[in-house]
Amino acid sequence: MSETPAIEAFNSVETWAEAIAARLAETLGAAVRDHGRALFTGPGGSTPAPVYRRLAATDLDWSKIAVTLVDERYVPETSPESNARLIRDVLLQDKAATARFIPLYTPEVTVDRAAIVAAKALGDAGGRFDAVLLGMGEDGHICSMFPESPTLKTLLTPTLKPTVLGVPHGRDGMAPTLERLSINLPYLMSAGRVILGLKGAAKRRVFEEQAQGDPKTQPIAALIAAGVPLEVLWTEEG
Ligand SMILES: O=C(O)[C@H](O)[C@@H](O)[C@H](O)[C@H](O)COP(=O)(O)O
């Protein structure tokens, strides 16, 4: 059984965001140097913006870096719910403006068709992430791996190929409220570096609890059991 990763604590959002951005930049810079290109993926939500702002201001050869998302709501970029909108507004600015963006959402007739299109686009971009930033919901979901979701089991199956799957919206008020697109666990297993950024005491507790959970139903436990190279950086500041 793989060890639960140690939680690295930072005493402010500033130092926490600086540390995450520096590690992601180090890995992306090395990938561009060694392979001539790099692929980065990150989350939406309310957590990553300070990291994205610092990454955008970092001197990298962004013209050789492609950026995508770990998950997306099945909505166009014009929607305030769009994660792509966050990436374009905060990360693809400043020095990072020349990076290529690969959306997960495309206006296909169904979320499953959009997932097939996204899976091909990521495959065409190399099919492996050099660096991944993850967030986590207070229910322990990462990407769009939601508890009770009918897609969870497939998303957490370690033996499948890296891909993107459509996730239906939750029933009877269960999350997610919108249909989603999500990368699966094999994409995290094959990544060069995976950083989980957590803010607030509640999320630290959820991480510690779920790390001991069932890898078949709890994403954090699944990542650990699958040997994902997870670095956990946390700050008390919410
Ligand atoms: O589409 C999303 O909502 C995000 O990509 C999602 O996976 C996020 O990482 C968690 O939900 C945490 O969200 P917060 O950072 O807002 O707590």
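All ligand and atom numbering here is 1-based and tracks the order in the structure. Index from 1, following the sequence.
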Looking at ligand 1, does any of its N/O atoms fall within less than 3.5 Å of an N/O of [X]?
| X | value |
| --- | --- |
| D71 | yes |
| P48 | no |
| C143 | yes |

Sub-4.0 Å atoms of ligand 1 with respect to non-hydrogen atoms of [X]:
| X | result |
| --- | --- |
| G135 | 9 (O) |
| N83 | 1 (O), 2 (C), 5 (O) |
| H141 | 6 (C), 7 (O), 10 (C), 11 (O) |
| K203 | 14 (P), 15 (O), 17 (O) |
| T47 | 14 (P), 15 (O), 17 (O) |
| P43 | 5 (O), 9 (O) |

Mind checking whether S144 contacts ligand 1 via backbone (N, CA, C, O), side chain (CB onward), both or neither, at a 4.0 Å heavy-atom cut-off?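 Neither; no heavy atom under 4.0 Å.
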
[X] to ligand 1, any heavy atom closer than 4.0 Å:
| X | value |
| --- | --- |
| R180 | yes |
| E138 | no |
| E72 | no |

What residue and heavy atom of the protein are closest to atom 3 (O) of ligand 1, and at what distance?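 Closest protein heavy atom to atom 3 (O) of ligand 1: R73 NH2, 2.8 Å.
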
Distance to 0.1 Å, residue and atom name: give those for the protein heavy atom nearest to atom 13 (O) of ligand 1.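 Of the protein heavy atoms, G45 CA, 4.1 Å lies nearest.
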
Positive for side chain to side chain contact (heavy atoms under 4.5 Å, CB included) with [X], one of [options]:
| X | options | value |
| --- | --- | --- |
| L196 | L230, L233, L223, V132 | L230 |
| P48 | N83, L86, L91 | L86 |
| T154 | V167, N184, L160 | L160 |

Taking every non-hydrogen atom, the tightest pair across G44 and L69: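 Closest pair (atom of G44, atom of L69, distance): N-CD2, 4.5 Å.
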
Give the intermediate values and the outcome of side chain to side chain contact (heavy atoms under 4.5 Å, CB included) for residues I87 and Y52. CA-CA 8 Å; I87 294 285; Y52 290 158; 3.7 Å; yes

Neighbour count >12 (heavy atoms, 6.0 Å) for atom [atom1], [X]:
| X | atom1 | answer |
| --- | --- | --- |
| E14 | CD | yes |
| R85 | CZ | yes |
| R23 | CZ | yes |
| K95 | NZ | yes |

We want to know whether S79 and S82 form a side-chain donor-acceptor pair, criterion being a heavy-atom distance below 3.5 angstrom.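 Not at all, the side chains of S79 and S82 share no donor-acceptor pair under 3.5 Å.
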
